[in-house]
Novice: 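Please find one structure pasted underneath; my questions will follow.
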Amino acid sequence: MLQAREGQRVPNVTFPVREGNDWKQVSTDDVFKNKTVVVFSLPGAFTPTCSSTHLPRYNELAPAFFANGVDSIVCLSVNDTFVMNEWAKDQESSNIILMPDGNGDFTEGMGMLVDKRNLGFGKRSWRYSMLVRDGVVEKMFIEPEKDGDPFEVSDADTMLNYLSPSAAKPDQVVVFSKVGCPFCVEAKAILEDKGYNFVDIPLDNKVRGRVIGAVSGAGTAPQVFINGTLIGGLENLKTHFAIAA
């Protein structure tokens, strides 16, 4: 049975990490000493839940974690450093330290090393997250021990809610735009002025009308969405922010 290790120190191990053409030995102290660190551990790089949800959401909520006293966020997996480096390039992971526990020493020391031979994985980490202050585990969220790959409690939102229930989460903003469109340029300038970190999706003229029509019911660019709500085009955006025409 997997057990939480709250109140205990994290294992004292060294992680061999490849940076460019050089090897670097990263110690547990390098990662945790005098720091507040959020760790989430998962079965493997490039695997479905890890890539589609677990890692991207921690990366997305990283500013909220940092604003609430977290110094770093570490994603740990029993994979070698080359695999983790390639996964980092493939993922939304700019705010996350991807730590390779290739020998499984840290994971074994946490009591989280499990047998996934039925999937051809060998020994891997069970999915969990934890808040560590100066090397001591304060809180762990361990996924329930049941078949499959449960993902219920180690997610970023659960950890952030534990850390600070009132933490403000970053807004999710998308702009469907057209290259060379002055209305799109103005809309994006407004969003930048309001402090939004938005995703710009410029659409090719061969598909633009159908895509914009399908997602917004409109036929022109730009079309702005904020937290799942359609704001609309430039004039709608100005109305939303009470900007005089």
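Residue numbers run from 1 in the order of the sequence given. All of these numbers come straight from a predicted model, not from anything done at the bench.
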Novice: How long is the gap from CG on L203 to CG on N205, to the nearest 0.5 Å?
Specialist: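 It is 10.0 Å, given to the nearest 0.5 Å.
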
Novice: Take atom NZ in K178; do more than 12 heavy atoms of anything else shown fall under 6.0 Å from it?
Specialist: no

Novice: Please report the closest heavy-atom contact between P100 and P16, naming both atoms and the distance.
Specialist: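 So the minimum-distance heavy-atom pair works out to CG-O, 3.8 Å.
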
Novice: Using a 3.5 Å distance criterion without hydrogens, assess whether the side chain of N95 forms a donor-acceptor pair with backbone atoms of A62.
Specialist: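 Between the backbone of A62 and the side chain of N95 there is no qualifying donor-acceptor contact (under 3.5 Å).
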
Novice: What's the verdict on side-chain contact (heavy atoms from CB on, under 4.5 Å) for N227 and Q172, showing C-alpha distance, side-chain angles and the deciding distance?
Specialist: CA-CA 5 Å; N227 295 327; Q172 295 178 310; 3.9 Å; yes

Novice: For S129 and V39, indicate whether the former's side chain and the latter's backbone hold a donor-acceptor pair under 3.5 Å.
Specialist: no

Novice: Quick one about S27 and D30 (side-chain donor to acceptor, distance below 3.5 Å, no hydrogens or angles considered), yes or no?
Specialist: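 Present: a donor and an acceptor within the cut-off.
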
Novice: Checking side-chain polar atoms at under 3.5 Å, does S41 have a donor or acceptor matched by the opposite partner on S125?
Specialist: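 Side-chain D/A pair, S41 to S125: present.
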
Novice: Atom CG of L163 and atom CD of E138: how far apart are they, to the nearest 0.5 Å?
Specialist: 8.0 Å

Novice: Mind checking the CD1-CG spacing from I73 to N59? Nearest 0.5 Å is all I need.
Specialist: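 The distance works out to 8.0 Å.
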
Novice: For I142 and M112, what are the C-alpha separation, side-chain angles and deciding distance, and is it a side-chain contact (heavy atoms from CB on, under 4.5 Å)?
Specialist: CA-CA 9 Å; I142 304 171; M112 292 291 143; 3.5 Å; yes

Novice: Quick check against the 3.5 Å criterion: does R5 have a side-chain atom that pairs as donor or acceptor with the backbone of M140?
Specialist: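 It does not hold such a pair.
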
Novice: Hey, does the side chain of R208 reach the backbone of A221 with a donor-acceptor pair shorter than 3.5 angstrom?
Specialist: no

Novice: Could you check C184 against F176 for side-chain contact (heavy atoms from CB on, under 4.5 Å), going step by step and ending with a plain yes or no?
Specialist: CA-CA 8 Å; C184 302; F176 290 95; over 6 Å; no

Novice: A side-chain contact here means heavy atoms from C-beta on lying under 4.5 Å apart; do L55 and I96 qualify?
Specialist: yes

Novice: For the residue pair S177 and K188, what are the closest heavy atoms and their distance?
Specialist: OG-NZ, 4.1 Å

Novice: Measure across P43 and C50 and return the closest heavy-atom pair with its distance rounded to 0.1 Å.
Specialist: CD-SG, 3.8 Å

Novice: Looking at P48, is its backbone amide N or carbonyl O close enough to the side chain of S52 to form a donor-acceptor pair, meaning the two atoms are under 3.5 Å apart?
Specialist: yes

Novice: Given the rule that I, L, V, M, F, W and Y join up when any side-chain heavy atoms are under 4.5 Å apart, are V83 and M99 in one cluster?
Specialist: no

Novice: Is the backbone of R117 close enough, under 3.5 Å, to the side chain of D115 for a donor and an acceptor to pair up by distance?
Specialist: yes

Novice: Is atom CZ of F225 surrounded by more than 12 heavy atoms (other residues, nucleotides or ligands) closer than 6.0 Å?
Specialist: yes

Novice: Considering only heavy atoms from C-beta outward, does the side chain of T47 approach that of F121 to under 4.5 Å?
Specialist: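 Sidechains of F121 and T47: in contact.
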
Novice: Would the W126 and F40 ring centres measure less than 6.0 Å apart?
Specialist: no

Novice: Is a side-chain donor-acceptor pair under 3.5 Å present for E92 with Y58?
Specialist: no

Novice: For the atom pair CZ (F106) and OG1 (T28), what is the distance rounded to the nearest 0.5 Å?
Specialist: 6.0 Å

Novice: Side chain to side chain contact (heavy atoms under 4.5 Å, CB included) with M84: which of N79, L76, V17?
Specialist: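 Of the listed options, the one satisfying the test is N79.
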
Novice: Could you tell me whether E108 and K123 make a salt bridge, using a distance below 4.0 angstrom between a side-chain N and a carboxylate O?
Specialist: no

Novice: Determine whether a donor-acceptor pair (N or O, by modelled atom type, separation under 3.5 Å) exists between the side chain of N68 and the backbone of L160.
Specialist: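 Pair absent, no side-chain N/O of N68 close to backbone of L160.
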
Novice: Could you tell me if K139 sits above the aromatic ring of F141, with its cationic atom closer than 6.0 Å to the ring centre and no more than 45 degrees from the axis?
Specialist: yes

Novice: Is any side-chain heavy atom of V132 less than 4.5 Å from a side-chain heavy atom of K35?
Specialist: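 The answer is no, as the side chains (C-beta and beyond) never meet within the 4.5 Å cut-off.
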
Novice: Are there more than 12 heavy atoms of other residues, nucleotides or ligands under 6.0 Å from atom CG of N197?
Specialist: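 No, CG of N197 has 12 or fewer neighbouring heavy atoms, counting only those of other groups under 6.0 Å.
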
Novice: Can you tell if the side chain of Q25 reaches within under 4.5 Å of the side chain of F15, non-hydrogen atoms only?
Specialist: no

Novice: Grab the two heavy atoms, one from P222 and one from V175, that are nearest each other, plus how far apart they are.
Specialist: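 That closest heavy-atom pairing would be CB-CG1, 4.0 Å.
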
Novice: With side-chain contact (heavy atoms from CB on, under 4.5 Å) as the criterion, how do S93 and L98 come out once you've worked through the C-alpha distance, each side chain's angles and the decisive distance to 0.1 Å?
Specialist: CA-CA 8 Å; S93 61; L98 272 67; 3.9 Å; yes

Novice: What's the shortest heavy-atom distance between F46 and W87, and which atoms?
Specialist: N-NE1, 3.2 Å

Novice: As an exercise, state the distance from CZ of F32 to CG of D71, rounded to the nearest 0.5 Å.
Specialist: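 The distance works out to 12.0 Å.
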
Novice: Taking N236 for its side chain and G233 for its backbone only, find out whether a donor-acceptor pair lies under 3.5 Å.
Specialist: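 Answer holds: yes.
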
Novice: Under a 4.0 Å N-O cut-off, is there an ion pair linking R18 with D80?
Specialist: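 No salt bridge links R18 with D80.
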
Novice: Using every non-hydrogen atom in the two residues, find where P150 and P144 come nearest and quote the distance to one decimal.
Specialist: CG-O, 3.2 Å

Novice: Check the side chains of T107 and D101 for a donor-acceptor pair under 3.5 angstrom, ignoring hydrogens and angles.
Specialist: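 Their side chains do contain a donor-acceptor pair, which is all the 3.5 Å distance test asks for.
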
Novice: Could you note down all residue pairs passing salt bridge (charged side-chain N to carboxylate O under 4.0 Å, His left out) where residues 140-153 supplies at least one of them, sequence neighbours left out?
Specialist: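 For residues 140-153: R127-D149, K146-E152.
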
Novice: Hey, are D157 and R57 close enough for a salt bridge, meaning a charged N less than 4.0 Å from a carboxylate O?
Specialist: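 Looking at R57 together with D157, the answer is yes, because their closest N to O distance falls below 4.0 Å.
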
Novice: Find out whether C75 and I97 are in side-chain contact, i.e. whether some heavy atom of one side chain is under 4.5 Å from a heavy atom of the other.
Specialist: no

Novice: Ignoring hydrogens and angles, tell me if any N or O in the side chain of H54 forms a donor-acceptor pair with the backbone of S154 under 3.5 Å.
Specialist: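 It does hold such a pair.
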
Novice: Mark yes or no for whether D134, through its side chain, and K33, through its backbone, hold a donor-acceptor pair below 3.5 Å.
Specialist: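 Checking the backbone N and O of K33 against the side chain of D134, no donor-acceptor pair under 3.5 Å is found.
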
Novice: Answer yes if L234 and L191 sit in the same cluster of Ile, Leu, Val, Met, Phe, Trp and Tyr residues linked by side chain heavy atoms under 4.5 Å apart, and no otherwise.
Specialist: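 Yes, it is one cluster - the side chains of L234 and L191 are joined through contacts under 4.5 Å.
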
Novice: For a 4.5 angstrom cut-off between non-hydrogen side-chain atoms, does T36 reach L131?
Specialist: yes

Novice: What distance do T158 atom OG1 and Y162 atom OH have between them, rounded to the nearest 0.5 Å?
Specialist: 13.0 Å

